[in-house]
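The basis for the numbers below is simple: all heavy atoms, side chains too, and nothing from hydrogens, waters or symmetry mates. Residue numbers start from 1 in every chain, and the chains themselves are labelled A, B, ... in the order their sequence lines are given, proteins ahead of strands.
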Amino acid sequence: MRDLNSNSAAMSGDLLAWYDVHARGMPWRVGPAECTAGNRPDPYKVWLSEVMLQQTTVAAVRDYFLRFTSRWPTVSDLAAAADAEVMAEWAGLGYYARARNLLKCARLVAVGFGGAFPDNYDDLLKLPGIGPYTAAAIASIAFNRPETVLDGNVERVMARLHDIHEPLPGVKPVLKAHAAELTPSLRPGDYAQAVMDLGATICTPRNPACGICPWREHCAAQNAGTAAELPKKTPKKPKPTRSGIVYLAKSADGTWLLERRPDKGLLGGMLGWPGSEWSDAPCPNPPFEADWQETEGEVRHTFTHFHLMLRVMTAELPAGFNQNAAQELIPSRDFRPSSLPTVMRKAFELFQGR
DNA sequence: CAGGCGTGGAT
DNA sequence: TATCCAAGCCT
């Protein structure tokens, strides 16, 4: 194995050559050939895709990205959209704070910066929903600045390249330093995408394809036979199971009762069914007195930090029901289950299929 | 700074 | 079925 420090320029060159051939095509990407020809990607699309991709797979993001850019082609279009429309379009993608911050950020950029995103790491980092990773990704990919992206892919690649056995997240600064050492001043945007593509397609969490890796001759873990067990991570706490109840009510003339959830907390800002708290001790508290019927079966859903068992109660919504400020009465023809977060959509589907 | 915050696919 | 994990951010 060669000395990594004196070899970083050659290594990034090897990776870029690999990327020129193997770059994955994505709707928000400008391929390496066009990029070299001077065509930069649209910062709006880079930003939007990067926010959607936070902790989310490429496969899940693709359709959402196409719908968003079709409906709101520029950051100013998005900034002018109603909150409820954007939340509904985001429904199902998860981590709904991203959508709220997306709108905040779009309005800041549209109103404060005349529709132009900041073109450097420090200013991008100040915007809501943009952290160290996303700021580096936008600065490098959209503006060709030599910033270093450090996502889960890059962490894994660096941990293996240097055979680092200390666990994440503690060892993150070390990995960041190694990643920075390899970042080239030429084509940093392509390099950022290349190193993530490497992690996503070759240097994968399980069964890494070391035999065809452009960095195999430089990889300490490949040399030591430890690649597949890296990176180490501190063990996670087990998820508790909580339970709750949702109340689905439709009036005789076909109007559903839904409720806008507060911005803070789980599923914040999203529409959902009225219901109990989700805790270890469920205490049913229906939105009105009625002969509530329990739907057979239950919804099982897993969030980031707990499992949920959800009972689904139904009743007819009385005529002239007086809703509170958070509640909305939605006629059947306007009701789209796809505009609900997945757990709420599951409750509706259990009721539909009863 | 450790925990809150979604979802679906792979194993 | 249970667990892991995917282009993290915010508090």
Side-chain angles (χ1 to χ4, degrees), chain A residues 24 26-29 45-65 87 90-102 104-105 124-142 147-157 168-170 172-173 176 179 189 191-201 203-207 228-229 231-242 261-270 272 278 299-308 338 340-346:
Chain A
R24 294 180 292 170
M26 298 172 193
W28 48 86
R29 252 189 193 177
K45 293 184 178 179
V46 174
W47 163 72
L48 179 61
S49 64
E50 289 299 343
V51 172
M52 287 182 165
L53 286 162
Q54 289 166 5
Q55 296 289 284
T56 309
T57 59
V58 170
V61 164
R62 183 172 276 110
D63 289 347
Y64 282 87
F65 175 84
M87 299 312 287
W90 195 277
L93 198 55
Y95 286 136
Y96 298 99
R98 292 184 297 173
R100 301 194 303 273
N101 286 328
L102 191 79
K104 279 186 202 165
C105 183
L124 285 162
L125 190 59
K126 296 172 186 164
L127 294 171
I130 298 183
Y133 163 76
T134 305
I138 299 172
S140 63
I141 297 170
E147 301 293 347
T148 300
V149 295
L150 187 69
D151 71 333
N153 288 307
V154 182
E155 288 171 355
R156 184 169 60 253
V157 170
L168 284 165
K172 201 165 170 174
K176 171 90 176 189
Y191 175 82
Q193 295 172 92
V195 68
M196 290 190 285
D197 272 17
L198 184 72
T201 64
C203 195
T204 50
R206 280 173 286 222
N207 304 315
E229 64 191 66
K232 303 283 190 189
K233 298 189 178 181
T234 52
K236 298 169 186 173
K237 290 181 179 176
K239 297 182 202 295
T241 296
R242 300 180 185 170
R261 300 172 64 89
D263 274 353
K264 288 196 172 186
L266 194 67
L267 311 179
M270 297 300 289
W278 297 343
V299 172
R300 297 174 153 220
H301 190 80
T302 297
F303 294 98
T304 309
H305 55 294
F306 66 94
H307 303 289
L308 178 67
S338 64
L340 301 180
T342 298
V343 65
M344 298 295 178
R345 184 176 52 74
K346 282 185 181 176

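- Across all strands shown, A/Gly92 has heavy atoms under 4.0 Å from sugar-phosphate atoms exclusively, and none from any base.
- Ring geometry for A/Phe303 against A/Phe306 counts as tilted: the plane angle lies between 30° and 60°, on a 0 to 90° scale.
- A close approach under 4.0 Å does not occur between any side-chain nitrogen or oxygen of A/Thr302 and OP1 or OP2 of B/dG6.
- Considering all non-hydrogen atoms of both residues, A/Thr234 and A/Pro169 come closest at OG1-CD, 3.7 Å.
- A/Val149 comes within 4.0 angstrom of nothing in the nucleic acid, heavy atoms only.
- Heavy-atom minimum distance, A/Cys105 versus A/Ile130: SG-CD1, 4.3 Å.
- A close approach under 4.0 Å does not occur between any side-chain nitrogen or oxygen of A/Arg100 and OP1 or OP2 of C/dC10.
- Summarising the geometry, the separation between CZ on A/Arg300 and P on C/dT1 is reported as 7 Å, rounded to the nearest angstrom.
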_side-chain hydrogen bond (donor to acceptor under 3.5 Å, both in side chains), that's the test. Do A/Glu50 and A/Tyr133 meet it? Break it down for me._
CA-CA 9 Å; A/Glu50 289 299 343; A/Tyr133 163 76; 2.7 Å; yes
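- Listed candidates were B/dT7, C/dC9, C/dC5. Nearest to the side chain of A/Gln54 is C/dC9.
- For the pair A/Leu266 and A/Arg206, nearest-nucleotide mapping onto DNA chain B gives the more 5' position to A/Leu266.
- Checked against B/dG4, B/dG8, C/dC5, the side chain of A/His305 finds its nearest nucleotide in B/dG4.
- For A/Thr304 against B/dG4, a side-chain-to-base donor-acceptor contact under 3.5 Å is absent.
- Phosphate contact (OP1/OP2 of C/dT3, side-chain N/O of A/Lys236, threshold under 4.0 Å): absent.
- Contact annotation: the side chain of A/Gln54 never approaches that of A/Tyr95 to less than 4.5 Å [non-hydrogen atoms, C-beta and beyond].
- Taking atom CG on A/Leu125 and atom C1' on C/dG8, their separation rounds to 12 Å, with Å as the unit.
- Here A/Trp90 lies out of heavy-atom contact (under 4.0 Å) with every strand.
- In this structure, A/Leu168 places its CG atom 12 Å from P of C/dG8, rounding to the nearest Å.
- Relative to the side chain of A/Arg98, the nucleotides B/dG6, B/dG4, C/dC10 differ in distance, and B/dG6 lies closest.
- At a threshold of 4.0 angstrom between heavy atoms, the contacts of A/Met26 include nucleobase atoms, whether or not backbone atoms are also involved.
- Distance A/Leu102 CG to C/dG8 C1': 14 Å, rounded to the nearest Å.
- Ranking C/dA6, B/dT7, B/dG6 by closeness to the A/Thr56 side chain, first place goes to B/dG6.
- Counting non-hydrogen atoms under 4.0 angstrom, A/Arg345 reaches the backbone sugars and phosphates but no base.
- Under the rule for a side chain to side chain contact (heavy atoms under 4.5 Å, CB included), the partners of A/Pro27 that lie at least two apart in sequence or sit in another chain are A/Arg62, A/Phe65, A/Leu66.
- Closest approach of A/Arg29 and A/Arg24 over heavy atoms only: NH1-O, 2.7 Å.
- Across the protein-nucleic acid pair, A/Lys172 atom NZ and B/dC1 atom C1' stand 12 Å apart, rounded to whole Å.
- Distance NZ (A/Lys232) to P (C/dC5): 12 Å, rounded to an integer number of Å.
- Residue A/His301 places none of its side-chain N or O atoms closer than 4.0 Å to OP1 or OP2 of B/dG6.
- An OP1 or OP2 oxygen of B/dT7 is reached within less than 4.0 angstrom by a side-chain nitrogen or oxygen of A/Thr342.
- To the nearest whole angstrom, the two P atoms, one in C/dC9 and one in B/dG8, are 22 Å apart.
- In this structure, A/Ser49 reaches neither bases nor backbone, as no heavy-atom distance under 4.0 Å exists between it and the strands shown.
- Across the interface with DNA chain C, nearest-nucleotide mapping of A/Ala200 and A/His307 shows A/His307 to be the residue nearer the 5′ end.
- Separating the C1' atom of B/dC1 from that of B/dC5 is a span of 16 Å, rounded to the nearest Å.
- We find that CG of A/Leu150 is positioned 11 Å from C1' of C/dG8, with the value rounded to whole Å.
- Looking at heavy-atom distances under 4.0 Å, A/Pro128 makes contact with sugar-phosphate atoms alone, never a base.
- Across all strands shown, A/Leu93 has heavy atoms under 4.0 Å from base atoms, whether or not it also approaches the sugar-phosphate.
- Here B/dT11 presents its P atom at 8 Å from CG of A/Asn207, a figure rounded to the nearest Å.
- Looking at heavy-atom distances under 4.0 Å, A/Gly268 makes no contact with the nucleic acid at all.
- Applying the 4.0 Å criterion to OP1 and OP2 of B/dT7, one finds that A/Tyr96 has a side-chain N or O inside that range.
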